[in-house]
Structures are given as C-alpha cells and as structure tokens.
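A quick note: this is a predicted structure, and the numbers were derived from the prediction, not measured.
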Amino acid sequence: MRVGNGFDVHPFDDPSSARRLVLGGVEIADTPPLAGHSDADVLTHAVVDSLLGARGWGDIGERFGVDSPETAGASSIAFVAAVIADLHDDGWRVGNLDATVIAQRPRLSGARDDIRARLADVLGVDIDDVGVKFTTTDRLGAIGRGEGIAAWVTCMLTTVRR
C-alpha cells in the first residue's frame, strides 16, 4: 500500500474567456473559468499529483509539462487516465481517493455526485471509493476573496493481486 497527496491552485480567468470551469472532469455551468495551460482543472491536477506522488513518480509538471504545446488546452482527465494506465501496468490500482476543493465561489455542492462519478470512472474504482468535499476559507486570503480555487487530494494505491 502507498499513500500520496496532491495540491493545486488556479486563479479565475477573464469571465469573457471561451474557457469553461472544469472540476474533476465535469464542466460547471454558469461560472467563471480558471486560468491555466491545459483546461485548468485544479481538482484533476491535484489528483494526478497524488497518484504520481504515491508511486514516487514526481509531479504533473515533470510528467506532462507545464508549458508543453502538446498539452495546451488539453483535458486534464486524460492525464489521470494516462497515469492510471501506467500504474496498472506497474501492478498498482487505486484503493480510494479523497479530495477537498477550496473555493469561496461558486457554490459547488450540486456537482458533487457528477464529479465523484467521473473520477471513479477514470480511476477504475467504485463511486464509494471517491470522496469529494467542498469548503471555503471564510473569506480569508486570495481564495476567500474569490480570486481562485484550490484542491487538496489524498489517494491510496494497493498492489494488484495476481
């Protein structure tokens, strides 16, 4: 068994941007998007870091490049799928994943079930093995001023029985 954690934070982008807010591979309607090189999915980026960290394989920047032309505008859920495929090839699977999204705005609880289902699907686990929580910073700091969104993720990997 191995445990990893990941953290990411992104500022909000210009509301007139053509981007959409994506969290855990799910588009969140009627909200300003986040700024970033790929799709700026702060939750999925933290998931990737937790998976890579659990296996001792570095971080998302090393694996996919922070400014790589190949990942410009890319769907970050594909990053998770790629790491999961490599973990399976190496004899590991996800035991469970627990995520906390920190945002003063927008209110996100209505998207919880969709995010859990999307993450469970790409991770290859049951939805009951994925926890997603939302919290604020009670208006403290940049997140509390509504300047962006952060995510903290912990995962457990287990060896695949052969």
Asks: Can you tell me how far apart CZ (Phe79) and OG1 (Thr71) are? Round to the nearest 0.5 Å.
Replies: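 These two atoms lie 5.0 Å from each other.
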Asks: Hey, quick one: are Val9 and Trp152 part of the same hydrophobic cluster, counting side-chain heavy atoms closer than 4.5 Å, chains of contacts allowed?
Replies: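 Shared cluster, yes.
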Asks: Answer yes or no: is there a side-chain heavy-atom contact under 4.5 Å between Val83 and Leu52?
Replies: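 Yes. Closest side-chain heavy atoms under 4.5 Å.
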Asks: Applying side-chain contact (heavy atoms from CB on, under 4.5 Å), name anything that partners Ala72, two or more places apart in sequence or on another chain.
Replies: His37
Asks: Are the side chains of Thr44 and Asp39 in contact, using a 4.5 Å heavy-atom criterion?
Replies: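 With C-beta onward as the side chain, the pair stays apart.
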Asks: Should the pair Asp86-Arg63 be classified as a salt bridge under the 4.0 Å nitrogen-to-oxygen rule?
Replies: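 Between Arg63 and Asp86 there is a salt bridge, with a charged N closer than 4.0 Å to a carboxylate O.
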Asks: Is there side-chain contact between Ile149 and Ile102, with at least one heavy-atom pair below 4.5 Å?
Replies: no
Asks: Please name all residues satisfying ring pair (Phe, Tyr, Trp, His ring centres under 6.0 Å) with His10, sequence neighbours left out, ordered by chain then number.
Replies: His45
Asks: So Leu87 and Arg93, do their side chains get closer than 4.5 Å, heavy atoms only?
Replies: no
Asks: Is the closest basic N to carboxylate O distance between Arg19 and Asp14 below 4.0 Å?
Replies: no
Asks: Is there side-chain contact between Arg55 and Arg2, with at least one heavy-atom pair below 4.5 Å?
Replies: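 Contact flag for Arg55/Arg2 side chains = yes.
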Asks: Quick one, Trp92 and Val160 - any side-chain contact, counting heavy atoms below 4.5 Å?
Replies: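 Not touching, per the 4.5 Å side-chain cut-off.
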Asks: Taking C-beta and beyond as the side chain, do Leu43 and Ile115 meet within less than 4.5 Å on heavy atoms?
Replies: yes
Asks: I'd like to know if Leu123 and Trp57 are part of one continuous hydrophobic network [Ile/Leu/Val/Met/Phe/Trp/Tyr, side-chain heavy atoms within less than 4.5 Å].
Replies: yes
Asks: For Asp113, which residues count as a side-chain contact (heavy atoms from CB on, under 4.5 Å) partner, sequence neighbours excluded?
Replies: Arg116
